[in-house]
Amino acid sequence: MSTSTMPEASAKKAEKPHTYGNYINGRQVKAETGETFASYNPAKTDEVIGYFAASTPKDVKDAVDAAAKAFPAWKRTPAPHRAEILLKAAHLLESRKEELAQTMTREMGKVIKEARGDVQEAIDMAKYMAGEGRRLVGQTVPSELPHKFAMSVRQPIGVVGLITPWNFPVAIPSWKTLPALVAGNTVVIKPASDTPLCALMFVEILNEAGLPPGVLNLVTGSGSKVGNALVEDSRVHAISLTGSCEVGKKVAGRCGELMKKISCELGGKNAICVMEDADIDLALEGALWGAFGTAGQRCTAASRVIVHKARYEEFCTKFKKATEALKLGYGLDESVQVGPVVNQGQLDTVKMYVEIGKKEGAKLLCGGNALTEGVFAKGFFHEPTVFCDVKPSMRIAQEEIFGPVTCIIPVENFEEALEVANGTDFGLSLSMYTKDVNRAFMAMEDLESGIVYINAPTIGAEIQLPFGGVKQTGNGHREAGTACIDFFTEWKSIYVDYSGRLQKAQIDTDELVAKAE
Ligand code: NAD
């Protein structure tokens, strides 16, 4: 493994962009080949954020070696002690919140207020998981036999591999890393290639908080090389992946063949339903935030707005006006509301879906163009775009676009709203705006998604509740809340027989019942 003195990951803008390494066994190291790739500012592509290790399977092996070596001691470290390190990390994250947020805006484009929220989510998660160090609850249950004790305990899995996307570059790594660590696993994380600096800063902060070398490692590089090598390594016992359905299905399929535990958090086609009795201005504000926050690049983005016909014209008119008033630009400007999309590929996808929408016969209410002039010339900017008169079966209403595009769909009544909301392959986040308490509860019961909001948009999850989706959005696991611990632990059931004789479960019990009679 080649080593070199490399700068600590930092937001400070250097005159010349720094070169960073992987983070293995407590320090940065170069990739085996010495090759690097660049991370760019999507608002100003002439600004290179830094150069990062273009790793190979050999680099992944080095990281897994370190994690496997660190596992026995970390597993034996009492969970409350592991949690102390997480609490210290929470305080370090707090002290570096602004620096991390600014790095995030520069590295992936989300506006600064949202970037601060992203870091705050990691701080919240660190504090919450620090508390988990004194819980990690198991069960004690009565045995059917006398003088026999029955209990279950949670145990760490071993080395776990975490594969993360770019849209929540600190929050999502934190959702995975912190429960994995408090439960006693050691970790190799492979972040998205659009946001390696955010991930490296997060990993260095956790190590600074006191993690022993090798407990948390990071390897940067392509999904097909690095992600794949992580999946293939037999010492990695579980993979937790957040990303697209395409990648999720591929990785989950391979993990199935390898009998490896796999958690997938994938795409969404979320909807806000606006009923005839809704507070229209509240719904409008929510739909605007849900559709165009993070330039529509949230897994929970409101990419469909389903509106009762009685309020349809009013909603469309007001929504167009509000969308056109949004301020686009570089997210470090506090007054900017919508930043760029993350890269050229994402911009091309958005442009492609705008053309598909037009061809399908949806009406373009506003937007529809990439911005290429003046301050937008060097970035990946696209106007916030709204289609109306959208039919539920259209591709723009069925497929995840992951950009600043939303579809307004008219419906006749509440029942049709539920049917349209549920009528996609995804099931992450659905929302209902109504003042009718009966309808609100019916929506909570019948909306087919992992997350339901009433009178609030599809975005805005808090870390103390489980996060994840049904149908094609996921494979049944949850992040955050206490539920996240389930994925990162194995149950061990323990029976202690202190009767001093052989007792046979299910057999001796008949005798016991007879004796009692
Ligand atoms: P992506 O699927 O392109 O990449 C996700 C990660 O997988 C990246 O780190 C990538 O390098 C890696 N990867 C790619 N190919 C791989 C392979 N063959 N083997 C192993 N790893 C591989 O997704 P993205 O563009 O980074 O993120 C956007 C997607 O993530 C959207 O679909 C969005 O809905 C989804 N997302 C879901 C949630 C959720 O919780 N449900 C949250 C955020 C984002």
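Whatever order the structure lists ligands and atoms in, that order sets their numbers, starting from 1.
Distances shorter than 4.0 angstrom do not occur between any heavy atom of F168 and any atom of ligand 1.
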Which is it for I485 and L136 under the side chain to side chain contact (heavy atoms under 4.5 Å, CB included) test, yes or no, and what are the steps along the way?
CA-CA 8 Å; I485 294 295; L136 287 177; 3.7 Å; yes

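In terms of protein heavy atoms, atom 42 (C) of ligand 1 is closest to C299 SG, 2.9 Å. Scanning the protein heavy atoms around atom 28 (C) of ligand 1, the nearest turns out to be F402 CE2, 3.6 Å. Counting only heavy atoms of the protein, atom 3 (O) of ligand 1 lies nearest to S244 OG, 4.1 Å.
Counting heavy atoms closer than 4.0 Å to ligand 1, residue V251 contributes side-chain atoms (C-beta onward) but none from N, CA, C or O. With a 4.0 Å heavy-atom cut-off, ligand 1 is reached by no atom of V231. Counting heavy atoms under 4.0 Å from ligand 1, residue V247 touches it through the side chain alone. By the criterion of a heavy-atom distance under 4.0 Å, the side chain of E400, and not its backbone, is placed next to ligand 1.
With sequence neighbours left out, the side chain to side chain donor-acceptor pair (under 3.5 Å) criterion links D233 to R235. Legend: residues meeting side chain to side chain contact (heavy atoms under 4.5 Å, CB included) with K127, ordered by chain and number and at least two apart, are L87, A90, E94, I123.
Between F168 and W175, the ring planes are parallel. Angles under 30° get that label, and only those over 60° would be called perpendicular. A tilted orientation is assigned to the rings of F37 and F52, their planes being inclined by 30° to 60°.
At a threshold of 4.0 Å, the pair K69-D65 does not count as salt-bridged, since none of the basic side-chain nitrogens sits closer than that to a carboxylate oxygen.
Distance check for atom 13 (N) of ligand 1: a protein heavy atom is found below 4.0 Å.
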